Structures are given as structure tokens and as C-alpha cells.
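Notes to accompany the following structure.
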Amino acid sequence: MHDLATFRAQFDAISTRLSLRANPPNLEGFRELDARRRAAIQEAEELKARRNAATGEIAQLRKAGEDTAARQVEVRAIGERIAELDKQAGTLEDEFRQFLAGVPNVPHESVPAGRGPEDNVEVRRVGEPPAFSFEPKAHWDLGPELGILDLERAAKVTGARFAVYWGLGARLERALINFMLDVHTREHGYTEVLPPFLVNSASLYGTGQLPKFAEDLFKCEGTDFWLAPTAEVPVTNLFRSETLEGSNLPLRLCAYTPCFRSEAGSYGRDVRGIIRQHQFQKVELVKFTRPEQSYEELEKLTADAEDILRRLGLPFRTVVLCTGDMGFSSAKTYDIEVWLPGQNGFKEISSCSNFESFQARRASIRYREPGKGGKPKSDFAHTLNGSGLAVGRTWVAIVENYQAADGTVVVPEALRPYLNAERITPQGVLG
RNA sequence: GGAGAGGUGGCUGAGUGGUCGAAAGCAGCGGUUUGCUAAACCGUCGUAGGCCUUUAAAGUCUACCGAGGGUUCGAAUCCCUCCCUCUCCGCCA
């Protein structure tokens, strides 16, 4: 959600910048809609002022013991007219709100212009893809061979794009979650939270998934509960309609949650293996900051996510998304892409974004601190988040990058205390 | 699931149809006083939107007392629906 005054004042500059997005909003008609809305408000409010005055007079006259029947009839007529005008103004207001809610965030000035993924700019590359003396396998072959990944039974139990993990495969997933949470809480200064996995529509509106992207979500029939597509939703909305103490900022939170996505429209993409699932696990990093510190915090957040990959010894690169590849609510996004031998390429494993005040405005998240002359001032906070990391894809990256010629998987040093194993060997649980 | 109580400004808490945007207290902010601290006293102190204005401030108007409807000339106050919180009972991991 944009600030209306700014949006009006800088309409031309903002629309130019927005036109660089992949699905540029149609801003034509904004000025007219805004003018009509304001005219309607004016007309209705003028009448309301008259009614309030008349009502006061009636009260006075009554006190004086005079007859007010004639005045009442008069005011009643005004009331009816107000009801009509309010209805009109309400319709325009809804239309206007809907219009504004559909306008994506403005890309930060440091974001490169571009049409799509091909125009993203690489900012870092760390580690070397492993050189294998044999033909490396993809996880969808290696996993079932080791008896740690079972897609067929998952399809039976639930359906396509679900997975069952067995033995050390299940434990690897759990180890990764604990490892990531420990690093972020002990080394990077985040506070762990465990939020609800179901969220209501107001929360989804707050972070920008609704109203535009309902088809990407799972909804519980007959309720206002939706399966959270990312911990960003419950965690960012923790402070919806609240004012944070400035002295508590920046507030750094991390949360483990499962994530659920309908993946409507992605048929045929990443159909093999567990790269794209309806249910996956993620450790998410979320920050609330003052406006002037949010870009510095975005760099730190991205580095915190990268640190997990460094510690696991996984090769990756970081790209800054161009204007044509950014998400709806984001002002700037870094994608971290891990090397996957099975794909012979890099695959997104984290997406770190600064939303500036876009989400905070929708969700009404403010902060307060002493301003000039000691007077407390409050303003919208900036919100940021990033995966730290997507656990399922990290699982894939470890299995594929650390595979040995004999079909086993070497466990990265940092993970051994968590997994209590140095090597993933065939599990044989299925006989 | 059953029975009951309740949702008012940052907090506590008055207010049951007519200057109530809302008493009072606390916290906050400005000031006065006092060696410092503390205390006392005075003042100030919600949010959003419209108009005015070069912007802002000031001013002015409108709306907001969980949400949405309704009754009325007039609703925090009466009626209806919904949501949430608390207590007790039942059930349950």
C-alpha cells in the first residue's frame, strides 16, 4: 500500500518506475477516480456538518421546552440524503482502495531495470561446484536409492508434489532445521518464534498475498483459515495494528514453519523431485526496522542467510532481482541460488526482500520514538524478510553436492552433531 | 460443544439516548519551582480522511468507544448479527 499523499504528489515519477515491473499496473484513471472520490466525501461531509448543527439545536430547543417536530422532519430529510451520498462515497472509496491495493511497490533506485530473470545481476559467487569423477545423480534418483526419499507413497497418501522422508532422510531435514535456527539465534542475534501455521485473510492482506494472489494459496473450507505459504505471513503480522518502541528496533525474528502453496500455474515446472512441493519447510528471517536502517539490514539479512550455505560448504551465488522479476510487495530483493549438480545449475534457495513501509502501511505496523524537541513521533516501520533457508532445497543441495561414487552422501562437518552421522548410507528400511 | 461475564484513548478505568472524542488516574511531552535526584504545581497529550495552505504547521469539518447492520432529529449508550477475551462444565493431544 502506498502513501496516498506521496502517491498523488509524485504520481508521474512513481508511475514511470512502476512501468518497469513485469506486470505494470494500469494507473490511468487514478487522478479522475481520486477527484471523484474526494468530491463525494466533501458533499457528504458538508451535509453531516449541517445535520450535527441542527441536531444540537434540537437538543437546545427541547431543553427550553419548545416544540421541535418541524425541525425533526427537516433533519430527517437531510439524513436520507446523507445515506444516499454515503453509499456513493463508500462505493468510490472501495473502488479507490481496491485500485491502490493492486498497485505494487516501487523498486528502489538501486534495483536494475530489466524484463525478467535474464536481467538479474549477479553480485556474489561463493565456492566452486564440486568436480565429480563420476556422473553425479539427481536427488530424485539418489534419494529413493538410498531409501531416504519416497515420492510414490507420498502420492498415494496425499498426491503429487508431496514427499515422504525415511530414516536418515527424515533426520537430515530435522537436523537442518535445528542447525539453521541455532546459527541464527546464537550467532546472528535473531529471536526464535513459533507462530501458527494457519493464518486469517487479514494477515494475508497485510503482507500482500491477498487480494491478488488467492489462487496460490490453500484455504480451509468453511473458515477464514488459510495454510500459510511462508512464515513471513504469521511473523510479520505479529505486530499488525501495533506500535513498536523505537528502542526495540531493529527487531530480528526467525521462525521455523512448514509452508503450503497451491503452485497453480506452475504445472510442468520442476515436476521431478522435491524442488517444488505443495508442502515444504522453511526457516524464515523477519525484521522490523527504522526506515533509515532498512537497507543496511537487508544486506545483513542476506549475509545471514548466505552464512548457512557457507557453513554447509555449498556453492552459491547471489543475484539482485531486476525490476521485471521482483515480487509485488518488495522494493528490493536478493535471491540466493545454490548449486545443484542434478540440474547442472543454480536454483533459488532464499529470497531476501526489503518491503520498506509497503507491508507496514497495509498491516499498520508503526514504531514510536522521541523526535525533535523530545516530542514522540510515530511512523510506519520497515519490514524485511528472507528465507534462512528453504529446508527442502537445502536437503537436495546436500544430497546432490556431497554424493560419493559409491552412492552414499557425506554429511558436511557442521551438520554432523545434529545428524549424529558422518555419512548417509542406504537405509534399507523398506527391505 | 454447553453456561456465564466482558471488549472504551499507550495503560487503568468512568460513562446506559443530546456540546462525549469521551471524566479521573497513571505513563509521555513542555514549563515553573527546588543544590542534584526525587517531589509538587501549571500546561499539553489519540488515529484517519476532507477542506484551506507552496509543503508542513495552524485552523476548520467529518469519521472512529471490538466489527458490521438497524432504531432515532440525535447512539459509546437501545436492538440484531458476527469476532475476540476471560471463568466454569464437557471433550481432547
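Every chain is numbered from 1, with letters handed out A, B, ... down the list of sequences. No experiment lies behind these values; they were computed from the predicted model shown.
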Test: salt bridge (Lys or Arg N to Asp or Glu O under 4.0 Å). Region: [range]. Which pairs qualify, not counting sequence neighbours?
{"range": "residues 17-28 of chain A", "result": "none"}
{"range": "residues 211-239 of chain A", "result": "none"}
{"range": "residues 164-178 of chain A", "result": "none"}

Given a 3.5 Å cut-off on both pairing distances, which stems involving RNA chain B, each at least three consecutive Watson-Crick or G-U pairs, are present, if any?
B:1-7 with B:83-89, B:10-12 with B:24-26, B:28-32 with B:40-44, B:46-51 with B:59-64, B:66-70 with B:78-82

With sequence neighbours excluded, what pairs up with A:Thr394 under the side chain to side chain donor-acceptor pair (under 3.5 Å) test?
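Counting only residues at least two positions away or on another chain, A:Thr394 forms no side chain to side chain donor-acceptor pair (under 3.5 Å).
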
Which residues satisfy the side chain to side chain donor-acceptor pair (under 3.5 Å) test with A:Tyr334, sequence neighbours excluded?
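Partners of A:Tyr334 under the side chain to side chain donor-acceptor pair (under 3.5 Å) test: A:Glu299, A:Lys332.
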
Check if the side chain of A:Gln60 and the base of B:G18 share a donor-acceptor pair of N or O atoms closer than 3.5 Å.
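Donor-acceptor pair under 3.5 Å: no.
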
By side-chain contact (heavy atoms from CB on, under 4.5 Å), A:Lys300 pairs with (sequence neighbours left out) A:Arg252, A:Lys287, A:Glu296, A:Glu297

For a quick test of reading the model: is some side-chain N or O of A:Arg366 closer than 4.0 Å to OP1 or OP2 of B:A48?
yes

Looking at A:Asn52, I'd like to know whether one of its side-chain N or O atoms comes within less than 4.0 Å of OP1 or OP2 on B:A63.
yes

Proximal nucleotide (of B:C51, B:U62, B:U47) relative to the A:Ala49 side chain:
B:U62

Quick one: which protein N/O atoms are closer than 3.5 Å to N/O atoms of nucleotides 69-78 of chain B? Pair and distance per line, please.
unit_1	atom_1	unit_2	atom_2	d
B:C73	OP2	A:Arg76	NH1	2.9
B:C73	OP2	A:Arg76	NH2	3.3
B:C73	O4'	A:Gln72	O	3.4
B:C73	N4	A:Arg62	NH1	3.4

According to ring pair (Phe, Tyr, Trp, His ring centres under 6.0 Å), who are the partners of A:Phe280, at least two apart in sequence or on a separate chain?
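If we apply the ring pair (Phe, Tyr, Trp, His ring centres under 6.0 Å) test to A:Phe280, skipping adjacent residues, there are no hits.
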
